[in-house]
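Keep in mind that this is a model prediction, so the values were computed, not measured. Note that ligands are numbered from 1 as they come in the structure, with each ligand's atoms numbered from 1 the same way.
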Amino acid sequence: MYPNSIISKLRNHKTPFYYYDIEVLQQTLEKVKAEGLSRGFHIHFALKANHQQKMLKYVKEAGLGADCVSGGEIQQAINCGFSPDEIAFAGVGKSDEEIELALSHDIFCFNCESPQELRVLNELAGKHDTTARIALRLNPNVDAKTHKYITTGLKENKFGINEEDLDSVLDALVDLGNLKLIGIHFHIGSQIEQLQPFKTLCRRANELSSYIEGRGFKLSVINVGGGFGINYDHPNDNAVPDFKTFFDLFEQNIQLKPHQNLHFELGRSVVGQCGSLITKVLFTKKGRAKNFAIVDAGMTELIRPALYQARHRIDVLTSNKPKKNYDVVGPVCESSDTFRKDVTIPEVERGDLIAIRSAGAYGEVMRSAYNLRVARPSVYSDAL
Ligand code: LLP
């Protein structure tokens with residue numbers, strides 16, 4: 001919950017807008033540094049979680065690299081000062097144009113996901129008279145125990161190279177002279193709240209790394225991706241995720257050889273808790289069975305509840321009246337345009353401000369123009 005001094009300033013901005021608490025971001029980055037970078041781990045920030053220029057500036061200053069999944073993200077990372085040699089490029093469907101952009105900047109590494117992609121990358125690297133450093137994204141068939149839409153490491157998922165294809169891929173690499181295999185990459189899913197899937201991932205990564213090195217390749221990069229979840233129910237008590245436990249787990253379970261470095265691609269855990277979507281109550285309405293609070297933000301600003309049944313905490317910023325039960329809904333003509341059903345919050349009236357919390361990751365970046373809704377600029381605590 002924000003102090004009154006902040007709430008009165010938030011009132012000066014046109015809603016709905018994203019509000020980023022830079023102090024929380026900085027505290028989070030300090031922990032990532034103290035628990036992750038200080039152990040020699042390489043941490044690439046997943047721009048897909050948030051690509052706001054100002055946020056990237058802080059992330060970069062903290063010493064993180066970038067994990068990009070499109071030409072647009074690569075360009076944004078470079079514009080924001082990330083050095084190409086700390087940019088990884090992932091994605092199951094990279095276009096020729098995007099590959100050529102990445103090659104022209106000589107980025108650190110392409111995380112490759114299929115035999116055909118390897119052949120195309122080899123050809124394009126040849127055309128540019130260069131060698132592309134690659135990591136093979138392997139599908140480890142580990143259940144991340146998260147929502148099915150953000151599970152990526154199972155056999156049936158489209159991501160990564162399946163184990164059955166690994167031998168033929170390694171055979172083919174011998175003839176792909178414009179590629180240099182430097183590592184292996186995994187990402188089993190997002191918003192992973194249990195530690196067990198990460199332990200299983202470590203075991204699989206150790207096995208696969210030994211196997212590939214046994215076939216004569218030298219892997220300096222072991223990239224275990226991202227996925228560390230945040231606490232959506234209690235963002236105030238858990239503003240900074242427990243990075244110590246997370247990094248301890250990898251330190252204890254990944255067996256690195258002296259020439260190997262451990263890489264991560266963290267998105268949500270870095271920026272999730274510092275962002276809120278600030279919205280205003282337009283109308284209240286008593287339905288047959290429900291009270292509705294109709295707010296001016298919708299699934300166009302934050303699609304997570306509609307898409308993944310995600311539950312974001314709702315704080316009423318401008319009312320401390322007795323509590324009442326509401327469905328908090330947006331203005332878009334879809335019944336899925338609902339932020340929370342049956343949530344008990346202080347009674348609200350037209351004009352009250354609401355913060356939809358833990359929206360710093362996969363919030364603003366997933367905004368859409370559906371219904372031709374106007375996008376308001378984001379607001380930062382250090383420039384209020
Ligand atoms: N690396 C790769 C290859 C990824 O695909 C992702 C996320 C990450 C790293 C970062 O994962 P994180 O640390 O943020 O969990 N829109 C969804 C989340 C999609 C995640 C996609 N991949 C949501 O709102 O929950």
Side-chain angles (χ1 to χ4, degrees), residues 18 28 32 36 41-51 55 59 64-70 73 77 87-94 108-114 117 135-140 142 144-154 157-161 183-194 197-198 201 205 221-232 241-243 246-247 250 263-275 277 299 301-312 339 356-368:
Y18 274 87
T28 309
V32 171
F41 298 159
H42 295 247
I43 300 167
H44 306 261
F45 174 66
L47 265 76
K48 62 170 84 65
N50 191 304
H51 56 226
M55 302 288 282
V59 168
L64 277 68
D67 162 41
C68 300
V69 288
S70 70
E73 286 189 358
I87 296 180
F89 182 20
V92 67
K94 305 175 182 78
F108 165 62
C109 188
F110 291 78
N111 295 335
C112 294
E113 306 217 11
S114 68
E117 179 189 339
L136 297 178
R137 177 169 182 178
L138 303 172
N139 184 329
V142 174
K145 303 206 161 50
T146 182
H147 191 278
K148 63 177 187 297
Y149 287 1
I150 48 177
T151 293
T152 50
L154 285 176
N157 298 134
K158 68 180 175 182
F159 300 97
I161 293 166
I184 49 176
H185 171 233
F186 306 88
H187 173 76
I188 57 172
S190 198
Q191 185 53 20
I192 301 171
E193 292 176 274
Q194 300 172 25
F198 291 121
L201 169 63
V221 173
I222 309 296
N223 183 341
V224 289
F228 190 34
I230 61 170
N231 190 325
Y232 281 93
D242 182 2
F243 286 110
F246 178 72
F247 288 122
F250 281 93
H263 291 244
F264 293 85
E265 299 167 343
L266 300 181
R268 187 188 319 262
S269 52
V270 179
V271 292
Q273 295 293 35
C274 71
L277 174 59
M299 62 196 292
E301 282 69 43
L302 181 66
I303 201 174
R304 303 195 68 259
L307 197 54
Y308 319 108
Q309 298 77 50
R311 208 173 56 188
H312 288 250
F339 288 114
I356 303 178
R357 303 290 307 276
S358 312
Y362 308 108
E364 196 159 16
V365 284
M366 294 181 80
R367 170 184 250 169
S368 84

Legend entry - Option nearest atom 12 (P) of ligand 1 (shortest heavy-atom distance, choices Gly227, Cys68, Ala88):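 Nearest option to atom 12 (P) of ligand 1, by heavy atoms: Gly227.
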Legend entry - From the candidates Gln191, Glu265, Arg268, Glu113, the one that places a heavy atom nearest atom 1 (N) of ligand 1: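 Checking each option, the heavy atom nearest atom 1 (N) of ligand 1 is found in Glu265.
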Number the atoms of ligand 1 from 1 as they appear, then name those within less than 4.0 Å of a heavy atom of [X], with their elements.
X: Arg137; answer: 3 (C)
X: Met366; answer: 16 (N)
X: Ala46; answer: 10 (C)
X: Asp67; answer: 1 (N), 9 (C)

Are [X] and [Y] linked by a side-chain donor-acceptor pair shorter than 3.5 Å?
X: Asn231; Y: Glu193; answer: no
X: Arg304; Y: His312; answer: yes
X: Glu364; Y: Asn50; answer: no
X: His185; Y: Glu265; answer: yes
X: Ser358; Y: Gln273; answer: yes

Do any nitrogen or oxygen atoms of [X] lie less than 3.5 angstrom from nitrogen or oxygen atoms of ligand 1?
X: Arg304; value: yes
X: Gly267; value: yes
X: His185; value: no

[atom] - nearest protein heavy atom and its distance:
atom: atom 4 (C) of ligand 1; value: Lys48 NZ, 3.1 Å
atom: atom 10 (C) of ligand 1; value: Tyr362 OH, 3.5 Å
atom: atom 17 (C) of ligand 1; value: Tyr308 OH, 3.1 Å
atom: atom 15 (O) of ligand 1; value: Ser190 OG, 2.4 Å
atom: atom 11 (O) of ligand 1; value: His187 CE1, 3.4 Å
atom: atom 19 (C) of ligand 1; value: Ile150 CG2, 3.7 Å

Legend entry - Glu73/Lys48 ion pair, N-O < 4.0 Å: no
Inset, instruction - Of all the heavy-atom pairs spanning Ala46 and Gly267, show the shortest one and how long it is. - result: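 Looking at all heavy atoms of both residues, the closest pair is CB-CA, 3.9 Å.
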Inset, instruction - Identify the heavy atoms of Lys145 and Pro197 that sit nearest to each other, and give their distance. - result: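 The answer is CG-CG, 4.5 Å.
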Inset, instruction - Compute the centroid of each ring, for Phe41 and then for Phe250, and state whether the two points are separated by less than 6.0 Å. - result: no
Legend entry - Near-ring test Phe198/Phe246, centroid separation under 6.0 angstrom: yes
